[in-house]
Amino acid sequence: MKINCNVRIRNHSTTTALTLAVGIFLLTSVAAAAAATVSSLQQQVFAQQVTEETEPGSVLKLARTNVPMDIPLLKGYENGNEIYFIATDVSDEKTAAFATNLTGFKVNYAPALAQTPDSARAQAYAFTNGVAGDGPFGFQIPVVNAKPGDEGYSPLWQVNEVTWNDNATARELKSVQEITTAEQNGELSINDTDIVVNHPAIQWQNGSLMVREDANSINDDTPYMGGQVLNIDTENMVVTMVAHRGWGPDGKTIYYIVTDATPEMPANMMGVSHTPINEQLVGTPVAPGLFQFTNGINGSGPMGFQAGIGESAPGDQNYSPMWFISFIEWNDPSQARVLETVNDVAEMQQAGLITVTPAMGGMHVVNCPFLDAETVFEHKSQQFSHQ
């Protein structure tokens with residue numbers, strides 16, 4: 001399943017919803033020898049849960065659940081081809097402020113990203129001198145080492161600063177190979193910083209995130225499946241995405257977008273990039289918890305019940321946009337009530353009223369940058385807004 005990503009899911013009866021939810025939890029406990037069977041059954045249950053209807057009952061539907069918002073696009077090169085991405089989070093506070101000023105869009109300071117394992121980082125190269133251009137330092141645009149679908153692709157890029165030597169003839173470079181060759185020839189130097197940025201790819205050579213077919217009719221009842229993007233405009237350098245509403249750890253409203261996920265099945269259903277490398281974030285501080293509800297109060301959450309709750313939010317030292325998803329099941333759905341904070345979750349779990357289980361066999365990680373309401377409505381799309 002997914003995360004706090006607000007889906008409009010409909011189950012035709014409370015009994016059916018409970019049965020399906022229990023089925024998911026039982027599946028995740030099957031022995032490793034039956035992993036292939038478990039995966040297949042989970043996918044069937046997952047798909048069924050997001051397509052059935054919910055009977056009338058206790059309902060908590062949040063207002064302004066799905067908000068179309070415009071996010072600035074940035075451009076780089078990947079293996080000689082143009083790639084377009086967005087800037088949402090940075091591990092270094094000064095760099096986050098710099099990126100915010102550069103794009104006019106608030107980029108989160110996410111210190112936890114600095115703990116991304118080396119093997120889970122993609123590589124980005126930013127030029128500090130040389131050919132003038134639209135790169136972050138006023139020179140040529142950055143170069144990255146992978147795109148979605150490549151084995152080494154990750155939205156989490158380590159920043160490497162490239163500086164031309166005084167005796168070199170600066171020129172535009174469009175691939176990592178060209179950069180490393182120039183370094184070997186003594187033409188430039190590379191400074192490997194420990195800055196990690198969350199720059200999810202939106203469009204690349206022969207590919208892009210899925211664009212919704214119902215882009216012109218987004219509202220609070222729009223289904224979650226079918227894509228997270230409404231429009232990609234590389235001429236005006238803007239992508240319009242759906243911002244979903246949920247709760248931060250203290251019960252305050254947050255919004256989030258969805259750009260990539262693992263495993264492949266939920267990524268495909270959400271219409272985002274499949275990033276298997278992000279499984280390496282499980283069990284690290286880079287992937288805090290995000291709780292989704294599989295039964296209980298009907299509402300605007302991704303599984304047709306109440307909205308989910310994140311363990312951290314921008315401004316917290318443990319904030320990261322890479323979420324480890326867990327499912328919450330009410331042991332007796334008739335006792336369900338609205339939970340708003342992580343303390344609510346902890347108390348209900350301690351009281352034995354809910355069961356919390358890692359989603360999709362404990363391998364479900366989703367890239368959902370959190371956004372405050374002020375940012376969302378400042379950048380609310382006028383072209384696609386119907387609320």
Spacing of Leu73 atom CG and Asn236 atom CG [to the nearest 0.5 Å]: 10.0 Å
Inter-residue atom distance Asn160.CG - Thr193.OG1, 0.5 Å rounding: 6.0 Å
Trace of the side chain to side chain donor-acceptor pair (under 3.5 Å) decision for Gln280 with Ser119: CA-CA 8 Å; Gln280 298 181 36; Ser119 59; 2.4 Å; yes
Salt bridge (charged side-chain N to carboxylate O under 4.0 Å, His left out) pairs, two or more places apart, involving residues 226-242: none
side-chain hydrogen bond (donor to acceptor under 3.5 Å, both in side chains) against Ser189, all qualifying residues, sequence neighbours excluded: none
Inter-residue atom distance Thr294.OG1 - Phe327.CZ, 0.5 Å rounding: 7.5 Å
Path from Leu188 to Ile141 over hydrophobic side-chain contacts below 4.5 Å: yes
Sidechain-backbone polar pair: Asn295 side chain, Glu329 backbone, donor-acceptor under 3.5 Å: no
Rounded distance (nearest 0.5 Å) linking atom CG of Asp150 with atom CD of Glu78: 5.5 Å
Linked, directly or transitively: Leu353 and Val345 (ILVMFWY side chains, under 4.5 Å): yes
Co-membership, hydrophobic cluster, residues Val144 and Tyr125, 4.5 Å side-chain: no
Passing candidate, side chain to side chain contact (heavy atoms under 4.5 Å, CB included) with Ile257, options Val239, Ile71, Val242: Ile71
Note, Leu339 side chain near Gln306 side chain (heavy atom, < 4.5 Å): yes
For Tyr319, ring pair (Phe, Tyr, Trp, His ring centres under 6.0 Å) partners two or more places apart: none
Under the salt bridge (charged side-chain N to carboxylate O under 4.0 Å, His left out) test, residues paired with Lys174 that sit two or more places apart: none
Audit row: Phe377, Tyr255, ring pair (Phe, Tyr, Trp, His ring centres under 6.0 Å) steps and yes/no: CA-CA 10 Å; Phe377 289 100; Tyr255 282 87; 5.8 Å; yes
Verdict with reasoning, Ile218 to Arg212, per side chain to side chain contact (heavy atoms under 4.5 Å, CB included): CA-CA 10 Å; Ile218 298 299; Arg212 295 189 67 96; 3.9 Å; yes
Exam field: side chain Glu161 to backbone Thr128, donor-acceptor pair closer than 3.5 Å: no
Min side-chain heavy-atom separation Thr100-Tyr109 under 4.5 Å: no
Pairwise salt bridge (charged side-chain N to carboxylate O under 4.0 Å, His left out) hits with a residue in residues 361-373, at least two apart: Lys106-Asp372
Phe137 vs Val162, side chain to side chain contact (heavy atoms under 4.5 Å, CB included): CA-CA, chis, key distance, verdict: CA-CA 11 Å; Phe137 300 113; Val162 180; over 6 Å; no
Flag for Tyr84-Glu82: side-chain donor and acceptor within less than 3.5 Å: yes
Within 6.0 Å of CG in Asp134, more than 12 heavy atoms from elsewhere: no
Spacing of Leu290 atom CG and Ile325 atom CD1 [to the nearest 0.5 Å]: 4.0 Å
Thr240 and Gln383 side chains, donor-acceptor separation under 3.5 Å: no
Listed partners of Asp92 passing side-chain hydrogen bond (donor to acceptor under 3.5 Å, both in side chains), at least two apart: Thr95
Within one Ile-Leu-Val-Met-Phe-Trp-Tyr cluster: Ile195 and Val143, side-chain cutoff 4.5 Å: no
Counterpart residues, side-chain contact (heavy atoms from CB on, under 4.5 Å), relative to Asn167 (two or more places apart): Asn165
Gln115 side, atom CD; Asp194 side, atom CG - distance, nearest 0.5 Å: 10.0 Å
Thr253 backbone acceptor or donor facing Arg245 side chain under 3.5 Å: no
Worked verdict on Asp260 versus Met322 for side chain to side chain contact (heavy atoms under 4.5 Å, CB included): CA-CA 9 Å; Asp260 49 272; Met322 314 301 294; 4.2 Å; yes
Ser381 (side chain) donor-acceptor with Pro68 (main chain) under 3.5 angstrom: no
Any donor-acceptor pair under 3.5 Å from Asp250 side chain to Lys252 backbone: yes
Side chains of Thr180 and Gln184, donor plus acceptor under 3.5 Å: no
Donor-acceptor under 3.5 Å (Arg121 side chain, Val196 main chain): no
Salt bridge (charged side-chain N to carboxylate O under 4.0 Å, His left out) against Asp166, all qualifying residues, sequence neighbours excluded: none
Any donor-acceptor N/O pair, Asp316 side chain to Ala313 backbone, under 3.5 Å: yes
Asp89 versus Ser320, side-chain donor and acceptor atoms under 3.5 Å: no
Residues in side-chain hydrogen bond (donor to acceptor under 3.5 Å, both in side chains) contact with Glu172, at least two apart in sequence or another chain: Tyr77
Side chain Glu311, main chain Val342, donor-acceptor under 3.5 Å: no
Pairs where residues 331-350 contributes a residue and the test salt bridge (charged side-chain N to carboxylate O under 4.0 Å, His left out) is met, not counting sequence neighbours: none
Pair Gln335-Met348, side chain to side chain contact (heavy atoms under 4.5 Å, CB included): steps then yes or no: CA-CA 11 Å; Gln335 298 298 310; Met348 292 301 100; over 6 Å; no
Trp157/Phe85 aromatic ring centres below 6.0 Å: yes
Counterpart residues, side-chain hydrogen bond (donor to acceptor under 3.5 Å, both in side chains), relative to Glu178 (two or more places apart): none
Which residues share a salt bridge (charged side-chain N to carboxylate O under 4.0 Å, His left out) with Asp192, sequence neighbours left out: none
Donor + acceptor pair across side chains of Thr262, Asn278 (<3.5 Å): no
Connected via hydrophobic side-chain network under 4.5 Å: Val176 and Tyr153: no
Backbone of Ile202 reached by a side-chain donor or acceptor of Trp204 within 3.5 Å: no
Positive for side chain to side chain donor-acceptor pair (under 3.5 Å) with Thr88, one of Thr259, Asn367, Asn198: Asn198
Aromatic ring pairing Phe105/His379, orientation class (parallel under 30°, perpendicular over 60°, tilted between): tilted
